[in-house]
Protein chains: 2
Amino acid sequence: MTNARAFAALSDPTRRQVFERLSDGPRAVGELAYGLPVSRPAVSQHLKVLKEAGLVTDRAEGTRRVYQIDPHGLGQIRAWFDRFWDQALTAFAAEAERAEREGHDDQ
Amino acid sequence: MTNARAFAALSDPTRRQVFERLSDGPRAVGELAYGLPVSRPAVSQHLKVLKEAGLVTDRAEGTRRVYQIDPHGLGQIRAWFDRFWDQALTAFAAEAERAEREGHDDQ
DNA sequence: CCCGTGCGTTAGTCATAGCTTACCGTAAGC
DNA sequence: GCTTACGGTAAGCTATGACTAACGCACGGG
């Protein structure tokens, strides 16, 4: 699966916090780090992971580095999730109906 | 965030494999473990995590233990994803428009 | 009543990931 | 050109988590 990296990236709470802050719009590293319980290098490392997962893009802006959410990468996860969601619900409904058809005592 | 556990649960590749197998329908532990590169106790532990995350439910069936996806828990993640998706896309569009309005040379 | 089967649990090992501190490159300001 | 912000990188520590092996428990069949 291609989005294994993306899932792993979103698994860490701190990294998710960084990512959620980016959902408001583009931010520089310092801005993201400010208010977070971790140091700036830590945020930098998180951003690197997010970038390698295809979830964010970055561009230089003077001496600062601005990060932004990459809708494409985010869309891929959403697509996977939608497929999974449908499949799971279908199976669940089928199972519920099967149990009903076989009587309430099941088995 | 309530679904932090759920995200952490889905972060592990093996655990995601187990979870994906459950999307086909209810399965016993042995069935799930069969064909996976890990031992049965490992699968058992993974299922425990998934259960505590509210992603699966289990019921006893004789001496076997049948696991099934819990649509409710899965729905919570999906809800989070949907909110996030909307917010990120909105911000991205706004940013794109802002860049356009300020001229192609930006800044 | 005993034995086999199917799972959960515990103990212990090993790898990985997140964090900090320190350092280095780079772009602007005086 | 020197200094000051800003941020990526390296090294090292620590904690957490995934896995196996060994054990214990409940159910069902003979």
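Computed over heavy atoms, backbone and side chain alike; hydrogens, waters and symmetry mates excluded. Values in this document were obtained by computation on a predicted structure and should not be read as measured data. Chain letters run A, B, ... following the sequence lines, proteins first, then strands; residues in each count from 1.
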request  = For A/Ala9 and A/Arg15, work out which heavy atoms get closest and say how close.
outcome  = O-NE, 2.7 Å
ask   = Quick one: B/Lys51 NZ to C/dT9 C1', roughly how many Å, whole number?
value = 13 Å
inquiry  = If you compare every side-chain N and O of B/Ser44 against the phosphate oxygens of C/dT9 (OP1, OP2), does one of them come in below 4.0 Å?
reply    = no
inquiry  = Measure CD/B/Gln45 against C1'/C/dG12 and give the value in whole Å, please.
reply    = 12 Å
request  = Measure the distance from CD on B/Glu52 to C1' on C/dG8 and round it to the nearest whole Å.
outcome  = 13 Å
ask   = C/dG8, C/dT21, C/dC7: which one has an atom nearest the side-chain heavy atoms of A/Ser39?
value = C/dT21
inquiry  = With hydrogens left out and only the distance checked, is there a donor-acceptor pair under 3.5 Å joining A/Arg40's side chain and the base of D/dG8?
reply    = yes
ask   = Same cluster for B/Trp85 and B/Phe92 if Ile/Leu/Val/Met/Phe/Trp/Tyr side chains link at under 4.5 Å?
value = no
Nucleotide C/dG18, atom P - distance to CZ of A/Arg16 in whole Å = 12 Å
note = A/Leu47 atom CG is separated from D/dG7 atom P, nearest whole Å, by 10 Å
ask   = If we ignore angles and hydrogens, is there a donor and acceptor under 3.5 Å between the side chains of A/Gln17 and A/Asp12?
value = no
inquiry  = Taking any heavy-atom pair under 4.0 Å as a contact, classify B/Ala60: base, sugar-phosphate, or nothing.
reply    = nothing
ask   = Starting at CG of A/Asp12 and ending at P of D/dG17, how long is that distance when rounded to a whole Å?
value = 11 Å
query = Can you find a side chain N or O atom of B/Tyr67 that sits less than 4.0 Å from OP1 or OP2 on C/dG8?
reply = yes
task = Check for a donor-acceptor pair, side chain of B/Glu52 on one end and backbone N or O of B/Val49 on the other, with a separation under 3.5 Å.
result = no
task = Starting from C1' on C/dG4, measure out to CZ on B/Arg64 and report it in whole angstrom.
result = 15 Å
ask   = In whole Å, what is the span from the CG atom of B/Leu32 to the P atom of C/dC7?
value = 9 Å
message = Is the positively charged end of B/Arg78 above the ring of A/Phe81, judged by distance under 6.0 angstrom from the centroid and angle within 45° of the axis?
response = no
message = Both A/Ala8 and B/Lys48 contact DNA chain C. Taking the nearest nucleotide for each, which residue is further toward the 5' end?
response = B/Lys48
ask   = For C/dC19, does either OP1 or OP2 sit under 4.0 Å from a side-chain N or O belonging to A/His46?
value = yes
Could you list all N or O pairs between the protein and nucleotides 25-30 of chain C that sit under 3.5 Å apart?
none

task = Determine yes or no for a side-chain-to-main-chain donor-acceptor pair under 3.5 angstrom, with B/Arg16 supplying the side chain and B/Leu10 the backbone.
result = yes
query = Looking at B/Phe7 and A/Ser11, what are the two nearest heavy atoms and their distance?
reply = O-CB, 4.2 Å
